[in-house]
Asks: 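Below are the structure tokens for one structure; questions will follow.
What you see below is based on every heavy atom in this structure, not just the backbone, and it leaves out hydrogens, waters and symmetry mates. Each chain gets a letter, A, B and so on, in the order the sequences are listed, and its residues count up from 1.
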Number of protein chains: 2
Amino acid sequence: MTTPTRAKPARSGIAREGGLANEVLEFVWRRREVSRAEIARRTGRSRSTISEVVARLLPTGLIHEVGSGESRGGRRPILIGFRDDASTILGVDIGAAHVSVALTDLRGRVLEWREEAHPVRNDPHGTAALAVELGAACLAARGPGAPEPMGIGVAVPSPVDPLSPYRILERILPAWHDFDLLGELRGRFGIPVFVDNDANLGALAEHHWGKAVGIDDFAYLKVATGIGAGLMIDGEIYRGATGVAGEIGHVAIDPRGPQCVCGNRGCLATFVGTRALVARTRTLLSDFPQSVLAGTDPDIWTLEDAALADDPLALKVVDEAARNLGIVIAGVLNLMNPGSVILGGSLARLGDRLVTPLKEAVASRTLVASAAASDIRTSELGPRATALGAATHVLVAALADPNLFPGVNAR
Amino acid sequence: MTTPTRAKPARSGIAREGGLANEVLEFVWRRREVSRAEIARRTGRSRSTISEVVARLLPTGLIHEVGSGESRGGRRPILIGFRDDASTILGVDIGAAHVSVALTDLRGRVLEWREEAHPVRNDPHGTAALAVELGAACLAARGPGAPEPMGIGVAVPSPVDPLSPYRILERILPAWHDFDLLGELRGRFGIPVFVDNDANLGALAEHHWGKAVGIDDFAYLKVATGIGAGLMIDGEIYRGATGVAGEIGHVAIDPRGPQCVCGNRGCLATFVGTRALVARTRTLLSDFPQSVLAGTDPDIWTLEDAALADDPLALKVVDEAARNLGIVIAGVLNLMNPGSVILGGSLARLGDRLVTPLKEAVASRTLVASAAASDIRTSELGPRATALGAATHVLVAALADPNLFPGVNAR
DNA sequence: TGACTTTGTTCGGTTGCCGAACAAAGTGCG
DNA sequence: CGCACTTTGTTCGGCAACCGAACAAAGTCA
């Protein structure tokens with residue numbers, strides 16, 4: 001009855017303040033070096049207004065004057081540059097069986113990197129301690145004089161409800177019930193902490209640093225222990241009504257398929273998850289005595305290496321996986337019409353060995369195949385993509401409202 | 001190089017001007033009768049500001065003072081009401097084999113209604129002439145003193161590219177290549193014309209007048225000659241990168257299924273389109289000699305009527321259709337996590353006879369079944385839903401920017 | 001060299017919105 | 001009934017954001 005309805009709640013949970021100062025800041029970040037007059041032209045504001053805004057932004061230390069640019073027939077412009085080293089960000093990737101941490105600058109460069117295997121599912125306290133330890137190690141490696149990071153981003157292998165991000169993992173990881181990972185991190189480092197689902201953050205990383213730069217509507221599929229999709233719609237992560245959009249691991253693709261942990265039969269995850277791929281490889285070993293994998297106990301890494309070496313057994317497993325993925329991707333294309341589909345997770349390093357059979361499977365299942373199927377690609381961001389995406393989330397929040405990060409303008 | 005990037009291109013193609021005046025206008029429309037003080041509270045603005053905005057809005061004739069409301073312990077408020085009869089809107093539904101036109105007021109009430117069967121696919125000129133004729137008939141029935149409508153909305157059974165809405169139907173209806181339906185209508189009536197896909201407009205109708213009032217993320221499925229989905233995301237129709245989002249009729253649900261016109265096998269449309277349902281009914285006739293349909297040549301209407309009368313043959317056909325639809329809807333739920341799924345098209349009148357088996361099929365294919373599957377419902381808007389949605393599109397545009405409709409404030 | 005451009009700043013003015021103050025019109029209690 | 005208190009809607013002064021015009025500085029081009 002008395003709830004103000006003024007501002008739409010931002011779907012991303014990020015302020016998106018709309019102020020001109022933020023718009024200019026984000027523009028300078030995107031263009032790296034740009035004059036006041038150019039900002040004025042591109043934002044549609046007057047030069048006088050932009051001059052004033054830039055003057056207010058300079059003392060934050062996020063931007064600075066970096067010299068003069070080329071003349072366009074008159075006075076040479078003073079270029080405004082973004083200070084990529086004005087601060088740093090910690091990106092934490094909580095996987096199914098590992099924790100990794102990246103320390104990045106404000107341009108997505110990974111300055112430090114730590115990774116360690118850990119039984120995440122059953123040990124929330126140890127996981128949090130490990131994340132703190134790896135983060136501290138990243139900071140220590142930068143030396144004593146390095147500035148404090150401005151924030152921490154965390155990727156978790158589970159849906160995140162944007163309305164109550166603190167109670168996250170319990171659905172998939174019961175041991176994590178009511179454990180406050182975020183509070184732990186905030187308490188240790190004393191800076192803002194953000195969480196999101198790993199596939200969502202992978203999509204964010206692709207949007208900023210990968211194959212989706214400049215594309216505002218695309219789907220990112222991460223194939224790992226589980227399978228998840230991150231959907232970017234109009235430049236923002238789409239979460240759906242209750243925050244579980246993109247949970248495609250349990251789409252049924254074969255009602256006669258094997259039993260899945262979720263209780264149904266023939267889920268995508270039972271065919272394409274890393275465990276399923278390794279199991280399938282073991283089953284086929286006896287049929288491929290000439291395979292380099294023959295006589296070994298394969299895991300996902302040796303399987304991928306074998307595929308990269310064009311081993312026939314590995315290629316057969318990848319081919320089957322691609323065709324099963326294709327069923328689901330065709331559905332995504334028909335339903336959402338994304339501008340691009342990007343494949344992430346370790347399988348992405350197989351490149352065309354994965355994409356070619358995938359495109360075939362998709363083309364036979366889509367009406368507008370020619371247009372849609374042509375833009376399926378593999379990520380090139382590598383194993384650091386998720387942690388990088390977590391850091392990127394903090395960067396996006398900072399550009400949208402730098403006031404949330406008091407540490408920055410105190411330099 | 002010189003493109004201004006100021007305003008994001010609105011995905012809907014509608015202005016969404018953001019001005020306070022439009023916000024107030026839309027608020028008054030939603031609340032029907034509301035005082036200045038209440039508007040101020042709910043929009044977060046001051047009473048003085050709202051007073052001024054209302055004063056500027058009153059001369060448009062879209063709102064007016066309608067008396068005084070209940071006191072809340074002090075002076076009684078002056079209620080501001082929306083003039084539902086300030087203008088009218090023409091909504092045109094171009095179907096696969098019919099044209100229908102609704103004349104509505106600004107509250108979605110259908111004042112006049114005309115419908116006629118027509119071979120739309122092969123006769124664009126005749127179709128346009130028929131739309132004009134039915135529209136004129138609606139206007140004539142209102143008498144000579146009636147005000148001119150403020151705009152025309154058109155629903156077409158084909159994707160619409162928001163960037164070039166004039167070349168619409170050629171992909172699905174080759175005979176329509178380069179025929180300018182919109183120009184025809186604009187030339188005849190001299191008022192703004194808007195187009196969109198029929199499923200999108202059905203979703204819009206549900207959002208304003210049907211089962212999705214208050215729900216900003218949902219999927220609307222229309223089952224007719226073809227099958228299409230309208231996706232509403234954050235209160236706006238989602239079109240995807242190239243305007244074909246929701247084209248789910250050709251999702252493959254059975255690789256061993258029958259050949260489809262699109263060239264693939266086992267498309268959803270080959271199982272659940274009206275033609276497929278009638279064909280399936282004919283096939284099963286011999287197995288159900290006790291059916292009321294036995295000995296008849298059934299069509300989609302008699303089939304639905306039989307199902308409503310609990311005829312076993314009809315129920316079996318509906319049951320099969322529901323299970324096939326369920327496959328696709330489960331995919332929609334897993335991928336997009338909509339707050340609700342609403343079924344439209346004539347099949348919707350079967351109600352629980354359709355929804356119950358559908359929910360069963362969905363529940364066995366979704367991970368978060370309990371939450372998601374519970375909110376699948378049938379539309380109650382009936383056969384006028386699409387034309388109503390077309391008119392609603394014009395209403396939405398008008399509320400977002402009444403300046404587009406000069407005819408209104410000239411009263 | 002001189003005419004013309006472009007940049008960035010200064011300055012006065014408009015616009016949108018706010019808060020304080022006020023009159024009008026209510027309610028509720030002694 | 002009378003009086004204190006609320007709520008509504010308007011008026012008016014003021015602030016912040018932004019703009020356009022004017023200008024000096026610094027460049028290009030013929």
Asks: Atom CD of Glu70(A) to atom P of dA26(D): distance rounded to whole Å?
Replies: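 Spelled out: CD on Glu70(A) to P on dA26(D) is 18 Å.
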Asks: Round to a whole Å and report the spacing from CG of Leu79(A) to P of dA26(D).
Replies: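 Atom CG in Leu79(A) sits about 16 Å away from atom P in dA26(D).
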Asks: Which residues pass the salt bridge (Lys or Arg N to Asp or Glu O under 4.0 Å) test with Arg31(A), not counting sequence neighbours?
Replies: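 Arg31(A) satisfies salt bridge (Lys or Arg N to Asp or Glu O under 4.0 Å) with Glu38(A) once adjacent residues are dropped.
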Asks: Atom CZ of Arg36(B) to atom P of dA24(C): distance rounded to whole Å?
Replies: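 Nearest whole value for this atom pair: 17 Å.
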Asks: Answer yes or no: side-chain N or O of Arg75(A) and base N or O of dT6(C) forming a donor-acceptor pair under 3.5 Å.
Replies: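 No.
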Asks: Take the protein atom CD1 of Ile78(B) and the nucleotide atom C1' of dT7(D), then report the distance between them rounded to whole Å.
Replies: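 Atom CD1 in Ile78(B) sits about 12 Å away from atom C1' in dT7(D).
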Asks: Taking only residues two or more places apart in sequence, or in another chain, which ones meet Arg56(A) in a salt bridge (Lys or Arg N to Asp or Glu O under 4.0 Å)?
Replies: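 So Arg56(A) forms a salt bridge (Lys or Arg N to Asp or Glu O under 4.0 Å) with Glu52(A).
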Asks: How many whole angstroms separate atom CG of Leu20(A) from atom P of dA16(D)?
Replies: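 Result: 16 Å.
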Asks: Taking CD1 from Ile39(B) and P from dC17(C), how many angstroms apart are they, rounded to a whole number?
Replies: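 One finds 14 Å between P of dC17(C) and CD1 of Ile39(B), rounded.
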Asks: Check salt bridge (Lys or Arg N to Asp or Glu O under 4.0 Å) between Arg47(A) and all other residues, then give those that pass, not counting sequence neighbours.
Replies: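 So Arg47(A) forms no salt bridge (Lys or Arg N to Asp or Glu O under 4.0 Å) with any residue.
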Asks: Work out which heavy atom in Ser35(A) is nearest to a heavy atom in Leu79(A); give both atom names and the distance.
Replies: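 For Ser35(A) versus Leu79(A), the nearest heavy atoms are N-CD2, 3.9 Å.
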Asks: Applying salt bridge (Lys or Arg N to Asp or Glu O under 4.0 Å), name anything that partners Arg109(B), two or more places apart in sequence or on another chain.
Replies: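 Asp84(B), Asp105(B).
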Asks: List every contact pair, protein side and nucleotides 28-30 of chain D side both N or O, where the distance is under 3.5 Å.
Replies:
none

Asks: Select one nucleotide: of dC18(D), dT8(D), dG8(C), the one nearest the side-chain heavy atoms of Arg47(A).
Replies: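 The answer is dG8(C), which lies nearest to the side chain.
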Asks: Under 4.0 Å between a Lys/Arg side-chain N and an Asp/Glu carboxylate O for Arg42(B) and Glu23(B)?
Replies: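 Answer for the salt bridge query: no.
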Asks: For Ser71(B), enumerate each residue passing the side chain to side chain contact (heavy atoms under 4.5 Å, CB included) test, keeping only those at least two apart in sequence or located in another chain.
Replies: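 In terms of side chain to side chain contact (heavy atoms under 4.5 Å, CB included), with neighbours along the sequence ignored, Ser71(B) is linked to Arg76(B).
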Asks: Would you please confirm or rule out a distance under 4.0 Å between OP1 or OP2 of dT7(C) and any side-chain N or O of Arg41(A)?
Replies: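 The answer is yes; a side-chain N or O of Arg41(A) sits under 4.0 Å from OP1 or OP2.
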Asks: Among residues 48-55 of chain A, which ones have heavy-atom contacts with DNA chain C below 4.0 Å?
Replies: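 Heavy-atom contacts with DNA chain C come from Ser48(A), Ser51(A).
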Asks: In chain order, what residues pass the side chain to side chain contact (heavy atoms under 4.5 Å, CB included) check against Ser340(B), with sequence neighbours excluded?
Replies: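 With neighbours one apart ignored, the set is Ile215(B), Phe218(B), Ile342(B), Asp375(B), Arg377(B).
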Asks: In degrees, rounded to 10°, what is the bend between the two ends of the helix from dT1(C)-dA30(D) to dG30(C)-dC1(D), using five pairs at each?
Replies: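 Terminal axis comparison yields 10°.
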Asks: Would you please name every residue forming a side-chain hydrogen bond (donor to acceptor under 3.5 Å, both in side chains) with Asn197(B), sequence neighbours left out?
Replies: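 Checked Asn197(B) against side-chain hydrogen bond (donor to acceptor under 3.5 Å, both in side chains); zero matches.
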Asks: May I have the distance from Arg56(B) (atom CZ) to dC17(C) (atom C1'), rounded to whole angstrom?
Replies: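 The answer, rounded to whole Å, is 11 Å.
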Asks: Given atom CG of Leu58(A) and atom C1' of dT9(C), what is their separation to the nearest angstrom?
Replies: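 After rounding, the gap between these two atoms is 14 Å.
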Asks: Taking only residues two or more places apart in sequence or in another chain, which ones pass side chain to side chain contact (heavy atoms under 4.5 Å, CB included) with Glu148(B)?
Replies: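 Counting only residues at least two positions away or on another chain, Glu148(B) forms no side chain to side chain contact (heavy atoms under 4.5 Å, CB included).
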Asks: Check side chain to side chain contact (heavy atoms under 4.5 Å, CB included) between Ala102(B) and all other residues, then give those that pass, not counting sequence neighbours.
Replies: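 Side chain to side chain contact (heavy atoms under 4.5 Å, CB included) check on Ala102(B) returns Thr104(B), Val110(B), Trp113(B), Ala387(B).
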